[in-house]
Amino acid sequence: MKENCKDKSGISIRNRIGKNIVSIFLNVTLMIFSLSCIFPLIWMFYSSLKEKRTFNADIIGLPKNPSLTNYINVLTNKDYLIAESLLNSIRTTVVSVLIIVLCGFIVGYILGRIKFRGNRILYTMFLMGMLIPIHSLLVPIYIVFKRTGLNNQWFTLFIPYVAFGIPIAIFLVEGFVHSIPISLEEAAAIDGSSFTRTLFKIILPVCKPILTTIAIIQTFACWNEFSFALLLINDPRLKTVPLAMTNFTGQFSSDYPKIMAAMLITMMPIVTFYFIFSKQIIKGMVAGAVKG
């Protein structure tokens with residue numbers, strides 16, 4: 001039998017062709033999957049440039065006379081409250097995430113590093129917050145907030161968001177702290193550093209990857225949360241983005257081009273956040289997965 005032809009590197013030409021075919025097939029498959037993820041956003045964008053009648057006549061087709069009328073109506077119509085809802089969501093998300101990250105870091109470090117009586121019991125109690133289904137507490141929380149007058153306040157959503165976000169933050173920080181050499185803190189103590197200075201000047205920078213992971217998780221969770229916002233907020237001026245989106249749905253019909261325009265507008269802050277911090281997000285997720 002004749003031997004297969006080989007190139008200068010000694011690799012069979014047939015094997016090289018086979019590898020190239022497999023590589024091309026995998027690349028094409030990944031491109032198709034990528035397009036399947038991107039196409040809904042593209043479809044939403046050009047559909048938001050249509051009129052309602054044109055959209056109902058041809059859902060997939062491109063707009064013949066593209067217009068920004070839907071975006072102007074969404075931003076200027078006071079009944080939709082998109083601008084107010086964006087500000088409310090940004091305020092609620094930023095404040096809640098900051099509190100979750102700060103409290104989760106401090107409590108997680110103490111539970112992970114300092115040994116005291118009841119340490120594991122307290123840690124287990126925090127973890128119970130991850131096991132309890134959120135929706136099973138909607139009615140009790142509503143009753144408590146209603147009787148205490150905490151509903152329909154600008155700070156109302158901070159309380160449930162922080163309460164249900166802290167357990168997972170503590171869990172991730174506590175696990176990450178075990179991977180930090182205790183010699184760092186011992187060296188700082190020898191140099192005369194106080195506990196607070198060591199915590200925020202030495203340990204905090206080391207924990208930056210896991211804190212980034214926590215911030216990412218909680219940012220998306222707070223921004224998209226609907227149940228507590230629907231239950232505890234009735235004042236239209238305090239509605240968040242998920243609640244404001246319900247203003248575009250009527251009893252008998254829905255204006256889908258306006259809905260898509262509103263969705264794209266409300267997506268802009270979170271998409272901008274992702275693109276600005278994309279490198280930190282990837283580093284944080286990888287570090288959290290390895291060390292957490």
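Worth saying up front: this structure is predicted, and the values here are computed from it rather than measured.
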K.L.:
Around N65, counting heavy atoms of other residues, nucleotides and ligands shown, do more than 12 lie under 6.0 Å from its CG?
P.N.:
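Not more than 12 within 6.0 Å, no.
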K.L.:
Aromatic ring centroids of F171 and F126 under 6.0 Å?
P.N.:
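When the ring centroids of F171 and F126 are compared, they turn out to be at least 6.0 Å apart.
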K.L.:
Answer yes or no: is there a side-chain heavy-atom contact under 4.5 Å between Y256 and I59?
P.N.:
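Not in contact.
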K.L.:
Within the 4.5 Å heavy-atom criterion, are L232 and F228 side-chain neighbours or not?
P.N.:
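With C-beta onward as the side chain, the pair touches.
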K.L.:
Between T219 and T93, is any side-chain donor less than 3.5 angstrom from a side-chain acceptor?
P.N.:
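No.
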K.L.:
Quick check for you: to the nearest 0.5 Å, what is the distance between L172 atom CG and I210 atom CD1?
P.N.:
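The CD1 atom of I210 is 4.5 Å from CG of L172, to the nearest 0.5 Å.
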K.L.:
In this structure, which one of Y161, W154, F155 forms a ring-ring contact (aromatic ring centres under 6.0 Å, His included) with F158?
P.N.:
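The residue from Y161, W154, F155 that satisfies ring-ring contact (aromatic ring centres under 6.0 Å, His included) with F158 turns out to be W154.
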K.L.:
Please check if any side-chain donor atom of R53 sits under 3.5 Å from a side-chain acceptor atom of N56, or the reverse.
P.N.:
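No, N56 and R53 have no side-chain donor paired with an acceptor closer than 3.5 Å.
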K.L.:
Would you say K239 and E84 make side-chain contact, with heavy atoms under 4.5 Å?
P.N.:
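They are not in contact (no side-chain heavy atoms under 4.5 Å apart), so the answer is no.
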K.L.:
For F33, does the CZ atom have more than 12 heavy-atom neighbours from other residues, nucleotides or ligands under 6.0 Å away?
P.N.:
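No, CZ of F33 has 12 or fewer neighbouring heavy atoms, counting only those of other groups under 6.0 Å.
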K.L.:
Would you mind reporting whether S193 and D191 have side-chain heavy atoms less than 4.5 Å apart?
P.N.:
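D191 does not reach S193 side chain to side chain.
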K.L.:
For F226, does the CZ atom sit with more than 12 other heavy atoms under 6.0 Å from it, leaving out its own atoms?
P.N.:
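For F226, atom CZ is crowded (more than 12 foreign heavy atoms under 6.0 Å).
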K.L.:
Cation-pi check, R120 to Y123: give yes when NZ or CZ is under 6.0 Å from the six-membered ring centre and within 45° of the ring axis, no otherwise.
P.N.:
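Checked: cation-pi criterion met.
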K.L.:
Could you give the distance from CG (D235) to CG (L243), rounded to the nearest 0.5 Å?
P.N.:
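CG of L243 is found 11.5 Å from CG of D235.
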K.L.:
Check P66 against P63 and note the closest heavy-atom contact, atom names and distance.
P.N.:
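That closest heavy-atom pairing would be CD-O, 3.9 Å.
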K.L.:
Contact between L157 and S96 at the side-chain level, heavy atoms closer than 4.5 Å - yes or no?
P.N.:
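No, too far: nothing below the 4.5 Å cut-off.
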K.L.:
Check whether any side-chain heavy atom of L49 lies under 4.5 Å from a side-chain heavy atom of N70, and answer yes or no.
P.N.:
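Result no, sub-4.5 Å side-chain heavy-atom pair not found.
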K.L.:
Are any of the side-chain nitrogens in E185 or R113 under 4.0 Å away from the carboxylate oxygens of its partner?
P.N.:
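R113 and E185: salt-bridged.
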K.L.:
Do we see a donor-acceptor contact under 3.5 Å between the side chains of T69 and S67?
P.N.:
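Their side chains do contain a donor-acceptor pair, which is all the 3.5 Å distance test asks for.
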